[in-house]
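Okay, so here's the structure we're looking at.
Order of the sequence lines fixes the chain letters, A, B, ..., with proteins taken first and strands second; residue numbering starts at 1 for each chain. Remember, it's a predicted structure, so these values are computed and weren't measured experimentally.
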Amino acid sequence: MDALHISNSLTRQKEKFEPINPPFVGMYVCGPTVYSNVHLGNVRTFLTFDIVYRYLQHLGFKVRYVRNITDVGHLTGDTDDGEDKIGKKARLENLEPMEVVQRYTNDFHDVMNVFNILRPSIEPTATGHIVEQIESIKKIIDNGYAYEVNGSVYFSVRKFSDDHPYGELSGRKIDELMNNTRDLDGQSEKRDPLDFALWKAADSSHLMQWPSPWGMGFPGWHLECSVMSTKYLGETFDIHGGGMDLKFPHHECEIAQNVGANGVERPVRYWMHGNMLTVNGRKMAKSEGNGFTPEELITGNHKLLDKGYTPMTVRFFMLMGHYASTLDFSNEALQAAEKGLAKLEKAVDTLNRLAPTSGEGNFDANAFGEKCHAAMNDDFNTPILIATLFEGVKAINGAAAGLVALTAQDIATLQATFQAFMRDVLGLQAESTSNAGGGDESETGALLDLIVDMRTTAKANKDWGTADKIRDVLSAHGITIQDGKDGSSWSRG
RNA sequence: GGUCCGAUGGCCGAGUGGCUAGGCUCAGCUCUGCAAAAGCUGCUACAGCGGUUCGAAUCCGCUUCGGACCUCCA
């Protein structure tokens with residue numbers, strides 16, 4: 001494809017991407033609720049939109065990427081008097097709610113860094129936008145789509161659906177929803193089970209609460225995303241992303257709120273949903289007890305893991321599947337990713353030392369680069385991109401083996417393409433396996449050259465014992481010796 | 001119960017009407033003091049049944065199995 005196409009969840013079509021105000025692009029992604037450590041499934045979603053962000057920038061768009069932090073707890077249960085998650089955690093650990101928020105926000109940021117996921121342009125918090133949320137509720141009430149009961153405000157879905165479509169994104173119909181709504185525990189003040197809260201009254205035991213025209217309380221969960229996306233990206237903007245599990249009710253309610261407050265019929269042009277990471281076919285989730293943290297993954301300290309894996313291995317593993325498909329976690333898949341990534345890294349290294357042919361080249365480096373673009377243009381198809389990169393690997397290794405001829409220009413093009421797609425777009429950075437802190441690179445390199453040289457002498461003398469000992473010891477330190485026709489060389493990893 | 005989605009070789013995972021996906025694994029070969037790496041070759045699949053078509057993994061129907069959402073969720 002010669003232009004970027006995106007699968008739009010709203011229309012269920014693959015559509016050509018045309019920003020509202022090129023070269024600017026506005027993108028909003030639902031961030032985490034910071035009441036616990038993020039697990040790997042969460043990471044997958046943020047990785048998905050990291051790729052979108054990176055590729056849009058690669059294409060030259062000026063992207064304003066907004067990803068919120070949900071730091072209001074919301075309710076643990078379905079009842080009107082449920083405790084909020086952050087408040088509950090604060091009580092359990094004897095902390096201020098904001099201490100809980102800060103702790104898990106820090107954790108979230110650390111994890112994002114470890115996986116080389118870029119920071120958004122703006123990272124707004126729900127608590128920082130209480131005023132805007134209250135203003136938004138007033139507008140919705142004024143427009144006739146919300147009502148107040150005992151200090152709480154609810155959105156009237158039925159009233160809204162008389163004037164506007166509701167359920168378009170998730171493909172739900174009001175009548176079906178009616179029949180399938182579960183009976184709530186406790187009585188609800190809602191006039192209709194389909195209604196959702198914009199503002200909840202809080203009693204004195206509730207730790208996080210703010211004054212409002214309706215009394216002390218806190219905002220409903222869906223509202224913050226509507227308000228913050230509108231504030232920073234406008235009443236209509238280009239891309240809204242999030243996990244598949246947020247499609248309903250969260251995103252559906254967001255649309256209703258935006259339309260209800262601002263009257264804009266289609267606030268978001270392209271809706272994108274990342275699919276779930278599964279374990280043994282089931283969604284990774286805290287409640288399932290099958291989730292593990294990035295730290296457990298890296299150390300391998302978890303019953304589901306045979307060993308630890310590096311962050312880049314995990315990143316590569318996730319990118320080997322398309323974001324819109326479920327991806328099943330398994331040790332074998334991780335191991336395959338580990339080896340595949342090592343092969344890729346090794347080829348990049350080989351590429352940098354490759355001697356160009358003096359004659360004609362027989363590899364079309366330009367076509368290779370275009371193929372990489374085509375893969376990403378087709379709805380960010382990272383598995384195809386990776387498969388294409390391996391075609392480049394084959395050419396590089398073929399050149400090293402003397403089977404493929406690459407001109408200096410070909411090599412330069414290959415280097416630029418690997419830099420652009422492997423490093424910049426896929427965000428796969430080289431992981432140093434050397435024991436850091438042991439002097440500078442060139443010094444170590446000179447020593448290794450000397451050792452390899454000594455081993456070559458030993459080999460020439462058929463002193464296999466010495467030669468093998470050098471190889472084994474270096475290997476134990478992560479240095480691999482390669483013997484070729486024209487002598488030996490070393491590499492890390 | 002309702003809505004939606006999926007089922008691809010030993011494993012993971014693309015593809016969506018005709019053309020090699022790719023990675024990993026396994027076997028053989030080349031290279032090599034041995035090994036590793038690399039290269040070459042092989043194993044070559046589309047849940048089942050029926051239909052549409054010159055032609056289907058790809059479209060339609062049914063069956064079986066699995067999953068997501070309908071409640072907080074990335």
Side-chain angles (χ1 to χ4, degrees), chain A residues 12 29-33 35 38-49 70 73-79 82 84-85 167 170-173 175-182 184-185 221 241-250 273-278 280-288 316-317 320-322 324-344 346-347 350 375 378 381-391 393-394 396-398 400-404 459 462-464 467-468 471-472 475 480-485 489 491:
Chain A
R12 296 167 183 75
V29 172
C30 294
T33 303
Y35 70 100
V38 294
H39 64 242
L40 215 55
N42 303 310
V43 171
R44 186 181 183 208
T45 297
F46 300 122
L47 172 60
T48 292
F49 293 102
T70 298
H74 306 296
L75 303 177
T76 49
D78 216 3
T79 60
D84 84 61
K85 286 176 179 169
S170 57
R172 276 158 220 269
K173 296 182 179 63
D175 294 331
E176 287 169 358
L177 282 169
M178 271 310 286
N179 297 333
N180 296 310
T181 302
R182 286 202 264 164
L184 303 181
D185 296 343
W221 173 43
M244 202 79 110
D245 48 357
L246 296 185
K247 211 178 197 177
F248 189 90
H250 185 58
H273 288 95
N275 216 323
M276 300 293 106
L277 180 68
T278 61
N280 295 324
R282 288 182 175 275
K283 175 182 169 181
M284 182 180 282
K286 206 163 307 173
S287 55
E288 292 271 347
F316 186 68
F317 157 71
M320 291 210 302
H322 187 79
S325 302
T326 55
L327 177 66
D328 199 52
F329 169 88
S330 72
N331 281 285
E332 289 144 315
L334 257 316
Q335 271 159 36
E338 187 173 56
K339 296 208 173 175
L341 179 60
K343 188 173 177 176
L344 207 52
K346 195 168 170 55
T350 304
D378 187 8
N381 199 324
T382 55
I384 296 285
L385 173 58
I386 289 170
T388 306
L389 288 176
F390 275 104
E391 288 179 21
V393 168
K394 200 164 181 176
I396 291 164
N397 288 334
L403 301 170
V404 174
K459 279 177 64 185
K462 296 204 186 313
D463 180 2
W464 310 128
D468 290 352
R471 187 170 65 195
D472 292 347
S475 174
T480 310
I481 295 271
Q482 289 122 288
D483 292 337
K485 267 201 172 78
S489 61
S491 63

Quote, to the nearest angstrom, the [atom1] distance that separates [N] from [M].
{"N": "B:U58", "M": "B:C19", "atom1": "C1'", "result": "14 Å"}
{"N": "B:U8", "M": "B:G22", "atom1": "C1'", "result": "14 Å"}
{"N": "B:G67", "M": "B:G13", "atom1": "P", "result": "16 Å"}

Query raised in the report: Can you give one letter per nucleotide of nucleotides 33-43 of chain B, 5' to 3': B if a protein heavy atom sits under 4.0 Å from the base, S if only from the sugar-phosphate, - if neither?
Result: BBBBSSSS---

**Report entry** B:A14 - base-pair partner by Watson-Crick or wobble geometry, distances under 3.5 Å
**Finding:**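 The answer is none; no pair meets the criterion.
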
Could you check whether [X] gets within reach of a base, just the sugar-phosphate, or nothing at all, counting any heavy atom under 4.0 Å?
{"X": "A:H39", "result": "base"}
{"X": "A:A333", "result": "sugar-phosphate"}
{"X": "A:L344", "result": "nothing"}

Between N or O atoms, less than 3.5 Å apart, protein on one side and nucleotides 14-19 of chain B on the other: list the pairs.
residue : atom : partner : partner atom : Å
B:A14   : OP1  : A:H322  : N            : 2.6
B:A14   : OP1  : A:S325  : OG           : 3.4
B:G15   : OP1  : A:N381  : ND2          : 3.2

Query raised in the report: Got a sec, which residues hit ring-ring contact (aromatic ring centres under 6.0 Å, His included) with A:F248, two or more places apart in sequence or on another chain?
Result: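 Per chain and number, A:F248 pairs via ring-ring contact (aromatic ring centres under 6.0 Å, His included) with no residue.
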
Query raised in the report: Would you say B:U25 has OP1 or OP2 under 4.0 Å from some side-chain N or O of A:K339?
Result: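 Answer yes for this pair, as a side-chain N or O of A:K339 is under 4.0 Å from OP1 or OP2.
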
Query raised in the report: Reckon A:R282 has a side-chain N or O less than 4.0 Å from the OP1 or OP2 of B:G67?
Result: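 Checking B:G67 against A:R282, a side-chain N or O does come within under 4.0 Å of OP1 or OP2.
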
Requested in this report: Specify the separation, in whole Å, of atom NZ of A:K173 and atom P of B:U3.
Outcome: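 For the pair A:K173 NZ and B:U3 P, the rounded distance is 9 Å.
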
